[in-house]
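Take a look at the structure set out below.
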Protein chains: 2
Amino acid sequence: MSTLSQVAKHAGVTAATVSNVLRNRGRVGEETRRRVLEAVAALNYRPHLAARALAEGRAPTLALMVSSIANPFYPEFALAVERAARESGHFVIICNTNEDPLTGRAYLEQIAGTLSEGVLVMNANLDFDDLHRTQSGGTPVVLCMWERPADPPALPCVAVDFELAGRLAGEHLIGLGHERIGAIVGSKPMGIHASRYDGFADAMRRAGLEVAAANVLHAPDTVQGGYAAALALLDRDPGISAIFATNDLPALGAIDAAADIGRAVPRDLSVVGITDIQLAQQWRPPLTTVAVPTVEAAGLAVSLLRELIAQPASLADRMRVASEPHLIVRGSTAPVNRTRAANAACPARPSPI
Amino acid sequence: MSTLSQVAKHAGVTAATVSNVLRNRGRVGEETRRRVLEAVAALNYRPHLAARALAEGRAPTLALMVSSIANPFYPEFALAVERAARESGHFVIICNTNEDPLTGRAYLEQIAGTLSEGVLVMNANLDFDDLHRTQSGGTPVVLCMWERPADPPALPCVAVDFELAGRLAGEHLIGLGHERIGAIVGSKPMGIHASRYDGFADAMRRAGLEVAAANVLHAPDTVQGGYAAALALLDRDPGISAIFATNDLPALGAIDAAADIGRAVPRDLSVVGITDIQLAQQWRPPLTTVAVPTVEAAGLAVSLLRELIAQPASLADRMRVASEPHLIVRGSTAPVNRTRAANAACPARPSPI
DNA sequence: ATGAAAGCGCTAACAA
DNA sequence: TTGTTAGCGCTTTCAT
């Protein structure tokens with residue numbers, strides 16, 4: 001690895017000049033520029049990023065805090081983040097917290113401000129105090145997927161209307177004639193799935209329907225978690241004709257669970273999720289779900305972070321709202337099968353139809 | 001962010017002493033140490049990673065080059081890499097090449113040696129010359145999953161016996177009585193799936209069976225790719241009773257394709273893949289596959305890289321061989337269904353049983 | 001046991 | 001247009 005001054009010597013100029021031609025700063029003579037470029041090529045020179053970062057007082061990377069990159073949702077997001085980050089010349093460091101706030105804190109303390117210029121937080125279950133501390137330490141932080149646009153957090157964020165997502169899911173099911181519906185709610189420690197359920201419950205209420213407390217279960221955000229929860233739900237109340245899950249992975253598990261106990265999806269049970277991860281369309285049957293603008297959110301998060309880096313004082317307009325979630329109907333939902341439902345149990349209330 | 005010298009001033013000592021205290025280098029008086037630690041806490045001091053890197057002449061990160069983190073296989077690997085990297089105090093920068101050698105080169109040129117101390121290459125379709133160049137530039141490179149242990153590459157690597165994997169898959173199918181078998185081979189530009197097919201073909205040959213050239217198709221490493229290939233395979237030769245895919249994703253697609261044209265898996269068609277990604281066990285039916293030691297390979301790759309970083313001159317022993325792949329029988333394979341096969345077409349040769 | 005000083009590779013005033 | 005000079009925050013001899 002050759003250095004700036006080696007290049008300078010080779011070109012018969014000074015380091016500052018080389019720096020200038022490389023970054024198109026200051027005015028440089030045509031002939032000089034040529035010689036410098038020649039030297040750069042000859043010595044195969046590459047700027048030392050750490051040195052540059054130190055001199056500029058900035059850092060060349062962004063940190064992406066995520067609970068676990070192995071969860072199928074995050075890679076899609078991470079890919080979009082990386083793409084956006086490159087445009088501003090940043091690299092991205094992937095920080096798996098495994099849902100452990102202490103791991104998250106360790107990451108923040110180590111890299112914030114010294115290696116990473118900004119921090120993107122994607123459902124990593126971090127301590128809010130830790131995040132505030134890094135922010136007041138001068139390293140901007142943005143929450144990548146805040147679930148309640150109407151209720152902005154104390155940190156900059158990209159918001160997605162997940163309550164609407166829940167409502168759309170509920171309305172879809174209701175429109176199909178379903179009345180007795182079970183719910184599988186993510187059990188994230190931060191309770192971030194509450195608004196998704198609220199939207200769903202609200203749709204139910206407006207339709208004059210209610211969800212029995214016994215018919216809402218919490219489950220981890222995995223296929224297995226949804227599988228177990230669906231089994232439990234269907235066991236407690238076989239009269240359920242549909243299941244709403246606050247996330248795709250558990251919804252996928254619910255589909256499998258239904259199949260395993262002989263309830264065909266969507267004929268004997270409808271299932272709907274939220275997010276629209278890639279897997280959703282590959283499942284059998286493909287999952288009806290409410291799509292969330294993942295890639296857009298990633299882009300917004302990065303650009304917001306860039307702004308905050310550029311002018312840390314900009315306290316206003318700290319929230320970007322991504323476009324609205326929308327329903328994608330696939331093969332996991334169908335009109336309620338009254339015969340099947342009647343066989344299993346009596347309806348909870350008279351049919352509104 | 002406070003600096004070393006601020007801490008030093010606060011503690012009434014010099015920066016060098018603080019540095020010594022923090023890194024347990026040199027002898028430091030008990031009382032002094034106490035005061036320094038106190039100052040560190042009071043000022044909430046964190047070492048500046050870029051500055052340290054510059055002073056030490058090393059870099060705090062490892063680069064993980066991957067074709068696309070959105071491919072479900074890589075996240076599992078990336079998670080393991082990050083875990084291992086943290087143990088040596090490294091952060092990992094995720095570099096998606098999108099199979100484009102130019103993107104890969106750009107990454108290498110930018111971060112190798114200046115921001116990353118080493119490079120891990122995971123099926124990123126990089127130019128070998130580029131890799132050699134970064135290696136001779138002083139930044140160690142290791143290939144994370146070399147497919148032919150018997151034929152070491154010119155770069156340090158972790159090898160997994162994928163030929164064996166292919167053979168195991170083939171033997172499993174043959175043991176089940178399958179004789180006419182289709183193959184879906186990954187179409188990676190680097191041809192890395194050739195050895196997988198070789199192992200399979202070898203097993204066939206030993207059993208006195210042959211694979212018609214028309215029955216081997218290339219396909220991209222996706223569910224969709226496998227779906228299309230399986231459809232084509234089954235259309236060309238309906239007499240096929242099993243499909244071997246060199247990767248899990250296409251195998252999964254093949255299962256779906258079979259189902260869609262009314263061939264039940266495994267009753268009317270057996271399907272086997274290679275890798276054992278998490279999805280394999282979640283599919284319906286769950287995929288029989290040859291498991292490859294992903295996490296182990298990640299650990300080996302990182303530790304090899306660490307060694308090379310520590311002593312770049314160690315030219316010997318540049319290959320680590322991970323443990324052998326092993327068959328995992330799940331629900332996608334079953335004994336050949338002669339009735340079904342006979343209906344579809346005549347067997348290619350007399351049954352050896 | 002602690003301090004002084006140089007330097008990692010680069011950028012950024014300011015001079016010339 | 002180009003060179004000089006500091007200095008980013010840290011580590012590391014070498015003195016003391």
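To find a chain, count down the sequence lines: A is the first, B the second, and so on, and within it residues start at 1.
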> Would you say the side chain of A:Glu296 lies within less than 4.5 Å of the side chain of A:Val160, judging by non-hydrogen atoms?
Replying inline: no
> Could you give the start and end, 5' to 3', of the contact zone on DNA chain C for chain A, using atoms under 4.0 Å from its heavy atoms?
Replying inline: C:dG9 to C:dA12
> Do the non-hydrogen side-chain atoms of B:Ile94 and B:Asn96 ever get within less than 4.5 Å of each other?
Replying inline: yes
> Which heavy-atom pair separates A:Leu79 from B:Ala70 by the least distance, and what is that distance?
Replying inline: CD2-CB, 3.8 Å
>> Which residues pass the side chain to side chain contact (heavy atoms under 4.5 Å, CB included) test with B:Leu143, not counting sequence neighbours?
In response: B:Val121, B:Phe128, B:Leu131, B:Trp146, B:Pro153, B:Leu155, B:Cys157
>> Holding to side chain to side chain contact (heavy atoms under 4.5 Å, CB included), I want the full list of residues that pass it with B:Ala85, two or more places apart in sequence or in another chain.
In response: B:Leu62, B:His90, B:Val92
> Would a 4.5 Å heavy-atom cut-off, applied to side chains only, mark B:Phe73 and B:Asp221 as touching?
Replying inline: no
> Got A:Asn123 and A:Tyr74 here, is their nearest side-chain heavy-atom distance under 4.5 Å?
Replying inline: yes
> How far apart are the closest heavy atoms of B:Ala53 and B:Ala59, and which atoms are they?
Replying inline: CB-CA, 4.2 Å
> Are any non-hydrogen side-chain atoms of B:Arg33 and B:Glu30 less than 4.5 angstrom apart?
Replying inline: yes
> What pairs meet the side-chain hydrogen bond (donor to acceptor under 3.5 Å, both in side chains) rule with one or both residues in residues 107-116 of chain A, with sequence neighbours excluded?
Replying inline: A:Thr61-A:Ser116, A:Tyr107-B:Glu82, A:Glu109-B:Arg46
>> Going by the rule side chain to side chain contact (heavy atoms under 4.5 Å, CB included), which residues pair with A:Glu31 if we only count those two or more places apart in sequence or in a different chain?
In response: A:Arg34, A:Arg35
> side chain to side chain donor-acceptor pair (under 3.5 Å) with A:Thr103: which residues, sequence neighbours excluded?
Replying inline: A:Asp100
>> So, using side chain to side chain contact (heavy atoms under 4.5 Å, CB included) as the criterion, who are the partners of B:Asp127 when residues are at least two apart?
In response: B:Arg105, B:Asp129, B:Asp130
> What are the residues of residues 28-38 of chain B, sorted by number, that bring a heavy atom to within less than 4.0 Å of DNA chain C?
Replying inline: B:Val28, B:Gly29, B:Thr32
> A:Ala297 and A:Cys144: which non-hydrogen atoms are nearest, and at how many Å?
Replying inline: CB-O, 4.1 Å
>> Between the opening five pairs and the closing five pairs of the helix from C:dA1-D:dT16 to C:dA16-D:dT1, how far apart are the helix axes, to 10°?
In response: 40°
>> Reading DNA chain D in the 5' to 3' direction, which nucleotide is the first one with an atom under 4.0 Å from a heavy atom of chain A, and which is the last?
In response: D:dT1 to D:dG9
> Is there a residue in residues 44-62 of chain B whose heavy atoms reach under 4.0 Å of DNA chain D, and which residues are they?
Replying inline: B:Tyr45, B:Arg46, B:Pro47, B:His48, B:Ala51, B:Arg52, B:Ala55, B:Glu56
>> Listing request: all ring-ring contact (aromatic ring centres under 6.0 Å, His included) pairs with a residue in residues 12-56 of chain A, at least two apart in sequence or in separate chains.
In response: none
> Is B:Thr14 touching bases, backbone alone, or none of the nucleic acid, heavy atoms closer than 4.0 Å?
Replying inline: base
